[in-house]
Amino acid sequence: MFSLRLPIPLVKTPPSFSSYSPYYHCPFHHPSQTRGLIVSKRGSATAKCHADVTLRHDRVSFAGESPDPFPAELAAEMMPKHVAVIMDGNGRWAKVKGLPPSAGHQAGVQSLRRMVRLCSSWGIKVLTVFAFSTDNWVRPKLEVDFLMRLFETTINSEVQAFKREGIQISVIGDSSKLPESLKRMIVSVEEDTKHNSRLQLIVALSYSGKYDVVQACKSVAKKVKDDHLHLDDINENIIEQELETNCTEFPYPDLLIRTSGELRREMNPLTLVKRTQNINAREAALGIGEQASWHTKYKDSAYVFVGGIPFDLTEGDLLAVFAQYGEVVDVNLVRDKGTGKSKGFAFLAYEDQRSTNLAVDNLNGAQVLGRIIRVDHVDKYKKKEEEDEETERQKREARGVCRAFQRGECTRGASCKFSHDEQRAANTGWGREEDKPKWGHDKFEGPKKERRSGNNQSNHIPETRDRDSRTRARNFDAELDNQPKKSDRRETAKRWHDNNDDKFEGRENNSRREENRSRRHEDDDKFEGRENNSRREDKRSRRHEDDDKFEGRENNSKREEKRSRRHGDDEFEHKSREDGYRREEKGSRMDDYDGMELEPKDQRRREDKRSIKPDDVEFEPKSRDSDIREDKKSRRRDDDDFLSKSREPHSNREDMRSRKHGEDESAPKSRENYARKQDDRSYRNDSGRTESKERYDFDRREEKRPRR
Ligand SMILES: CC(C)=CCC/C(C)=C/CC/C(C)=C/COP(=O)(O)OP(=O)(O)O
C-alpha cells in the first residue's frame, strides 16, 4: 500500500546468504550436518523433507544476543526509520544452487533473522516484511502449506526472543485465508509483544495493496452505513487511517529492498534528479565531509552521464557547459548511427576526477535550452570501441535479414542491426537460414519449430513471474539434466521420446492432430462458451494450413521480427549501461519538466504514479485472470516440481509423464473434458510438441504488451 505514496528508493542487495545456509541442515540432502535449522524426516521421504519444519534457534536468532555495531561509514542521522523488504528471489536463489524452492524459503528466514537483528541494533524503528502476497495463494498447494508452517514455526520459536529484545510483532493482510493455528498464533504473539517499542516487525501475510484499499473502503463504507461518518467527510486521511499499513507510528517506508536484487530500472529521470539533489542537500545540512560523501563511491571514475540534453546541442556545446568544472577530455554524445541525430544523452570524462563531483552537484537539474538535464556519476564507463565498417557489416549479415526490410517497412536505414542485402532478402524469409529455398515451402517447419521448441533454452525464456511459473514445467527436463547421473537420465528420456515419437512427435502426426482438432472445433461453435476457444483453434489451424495465404505468414513474420528485434536488443544492447540510460531518456522525453516547480507533495504523487507503472507491469501481468487460471492449471505440475525436483528418480517421472500422455490420447469423455485436456496438454508436453497453444498465447501477450 505504501508504494502508492512515496517514490521509494530501491536498493539492490546481493542475497546476503553467508556461510550459514539452512539448507545444509536438511538431513535429507546433507545427512552429516544437522545443526541449526532441523528438518524432521517424518512420513513419506520425499514429501515430508520440506514440509515438516522445526527451527532451532541456537545459531542466528531474530533478536540480537550480540548486537551488531553501527558501521562507521553510515551516518546515524540519515538512517531510515522504516525499512520494507519484499522477500522475493527465494526460488531463483535455490534454483541457481540446484536446490528445491523450499530451501530458498528457508534461506529467506535466515536473511530475515539477520535483518531483524541489524534493524534492532541500528535503531531502525520499523521493519516491514512482505512475506506472502495475496497472489501467492495460487502457488502449488504443497508450497503454500510449507510456507504457512514455516511462518508459524518461525514466529512461534522466536516469541521469547521478541519479548526479551523489545520487538513488537504486527501482522497485516487477509487473515481469513490463513490456517486456524497460524491465526491463533498471530493473535497471541501480537498480544504478547504489543507494548514493545524497540523495533516493530510488521509481517505482511496474504497482503496486497489492492486488498488493503478494498478493506479500507469497506471499513469506511460501514462507518457511513452505521452513521459514524458522513459521506462528505471522506477524504484521503480517512482512507489512510483505515489502511492496515497504518498500524505503526511510521507508516511510510523510507527504503524498500527486494531481496532478489531486482531493481525498478526505469525510474523517472526527474525523480533521479531530485533524489540526487536531496542527498546533496542532506549532506550539506549535516556537514558531511568529502570522505563520507556519497560521491566517494565514484572516486575511480572520471566519467559523468548527462541525460535530457536538448537534441540540437552539439559536442562543442556540451564542452562549453561542462568545462566550467574542469578540463573535459572526452565527450561522447550518443547519436543515431543512421541519421546522425543526437539521442539526447552523453558521457563526458574530466581530466581530474574531482570535477565530476562539481558537475554532478551543480549541473544536475540545471536547465539547458528549456530542458532539465540530469548529471550523474558513471560507475564503470566502458568506452565503446568504434567498429570499422567492415566488422559492422559482417555482424549485420550474421544477424540475418531484416524482416521489416523484406516488407519494405524498415525505417532504421543504415543503423538497422540486421542485413538489408536485397539479394538475401529476396531469397529468404528466415534470416540466417538462407540456404534453403523458403517462400511458400517449408516456412513453418524449420526455424519456427526450432523456435517453438521448449527445449531450446536460448530462445528467450521469458523472465517475468507469470511466464516463469508457466515455463517451470518446460525447464524441468533441462534442470534434471543438470542433476547427478545425467547421462542415465538423458538416455531414459531419449528412449522415452523415441518410443513415443510415433504418438507425439512427428510433424505429420502433429498436423494431423491439428486438423482433427480444428475439425472437431468446428462443431464446437454450436456450444456456448466454447466459441472463443474454437476461434483460437480456427486461427491456429488456419496458420498451419494456409501456407499460401500471406496473412498467416505476415503475422508470423511480424512476430518473428519483434522477437528477433528483442533478441537483437538483448544480445547487443540491453545489458549495457548505455541502454539503461537510453531507456531513461525515452522516459525523460515524455516528461513534463514543469513538474519541477510543483509543490513537493503533488510532485511526489505524480512521480509516484509514474514510477509505479513499470513495476506494475512487472508484477501484474496483462491478464491477471488468465494467469491465475494458468497457474491453477499448472498447480499439479508445480506440486511435483516443488516436492521432488531433485529427488524423485527421473525414470519414475518419465513413466508418470508417459502415463499422463497416454491418458491424453484417449478419447475425451465430453467436450468439456476435451477442452480441459487440450489446455492441460499444452503444459504437460515439455518438449514442444503442443507448444503451439502456449506459444500462441505468449505471442498474443507479447503483441499486446506496449513496446518500449
Ligand atoms: C516468519 C517469516 C515472515 C518468514 C519469512 C519466510 C519467507 C522467506 C517468505 C518468503 C516467501 C515467498 C513467497 C517468497 C517469494 O520467493 P519466490 O519463490 O517467489 O522466489 P522467486 O522470486 O525467485 O520466484
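Counting starts at 1 for both ligands and their atoms, in listed order. What's counted below: heavy atoms across the whole structure, side chains too, no hydrogens, waters or symmetry copies. Just so we're clear, the structure is a prediction, and the values are computed from it rather than from any experiment. This chain uses plain numbering: 1 for the first residue, then up along the sequence.
In this structure, Arg139 counts as a contact residue of ligand 1, since one of its heavy atoms falls inside 4.0 Å of the ligand. For Pro101, the heavy-atom gap to ligand 1 stays at 4.0 angstrom or more.
The contact set between ligand 1 and Asn136, taken as ligand atoms under 4.0 Å from a residue heavy atom, comprises 13 (C). Counting atoms of ligand 1 from 1 in the listed order, those under 4.0 Å from a heavy atom of Gly91 are 17 (P), 18 (O), 20 (O), 21 (P), 23 (O). Contact atoms of ligand 1 toward Leu147: 11 (C), 13 (C) (distance under 4.0 Å to a heavy atom of the residue). Below 4.0 Å from some heavy atom of Gly89 lie the following atoms of ligand 1, by number and element: 16 (O), 20 (O), 21 (P), 22 (O), 23 (O). Interface of Gly108 with ligand 1, defined as ligand atoms under 4.0 Å from a residue heavy atom, comprises 8 (C). Heavy-atom contacts of Ile155 reach the following atoms of ligand 1: 1 (C) (cutoff under 4.0 Å). Taking a cut-off of under 4.0 Å to the non-hydrogen atoms of Phe151, the atoms of ligand 1 that pass are 2 (C), 4 (C), 5 (C), 6 (C), 9 (C). Applying the 4.0 Å criterion to heavy atoms of Val203 picks out, from ligand 1, the atoms 3 (C).
Judged by distance alone, with hydrogens and angles left aside, the side-chain atoms of Ser206 form a donor-acceptor pair with the main-chain N or O of Asp174 at under 3.5 Å.
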Could you go through Ile186 and Ser175, starting from their C-alpha distance and side-chain angles, then the distance that decides it, and tell me whether this counts as side chain to side chain contact (heavy atoms under 4.5 Å, CB included)? CA-CA 9 Å; Ile186 289 170; Ser175 64; 5.8 Å; no
Take Ser181 and Glu152, measure what side chain to side chain donor-acceptor pair (under 3.5 Å) needs, and give me the verdict at the end. CA-CA 8 Å; Ser181 57; Glu152 194 173 329; 2.9 Å; yes
Output, in order, the C-alpha distance, side-chain angles, deciding distance and verdict of side chain to side chain contact (heavy atoms under 4.5 Å, CB included) for Tyr211 and Glu244. CA-CA 10 Å; Tyr211 154 79; Glu244 291 190 5; 2.6 Å; yes
Verdict with reasoning, Thr248 to Ser170, per side chain to side chain contact (heavy atoms under 4.5 Å, CB included): CA-CA 9 Å; Thr248 174; Ser170 309; over 6 Å; no
With side chain to side chain contact (heavy atoms under 4.5 Å, CB included) as the criterion, how do Thr128 and Val85 come out once you've worked through the C-alpha distance, each side chain's angles and the decisive distance to 0.1 Å? CA-CA 6 Å; Thr128 294; Val85 182; over 6 Å; no
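At a 3.5 angstrom cut-off on N or O pairs, Arg92 counts as close to ligand 1. For the pair Val109 and ligand 1, the shortest N or O to N or O distance does not fall below 3.5 Å.
Contacts of Thr154 with ligand 1, taken as heavy-atom pairs under 4.0 Å, involve the side chain alone. Here Leu205 has no heavy atoms under 4.0 Å from ligand 1, in either its backbone or its side chain. Under 4.0 angstrom from ligand 1, there are no non-hydrogen atoms of Lys95.
In terms of heavy-atom proximity, Val116 sits nearest to Leu199 at O-CD2, 3.8 Å.
Between Lys81 and Glu249 there is no salt bridge, since no side-chain N of the basic residue sits under 4.0 Å from a carboxylate O of the acidic one. Salt bridge status for Arg149 with Asp145: absent, with no side-chain N to carboxylate O gap under 4.0 Å.
Using a 30° and 60° split on the angle between ring planes, Phe151 and Phe132 fall in the perpendicular class, above 60°.
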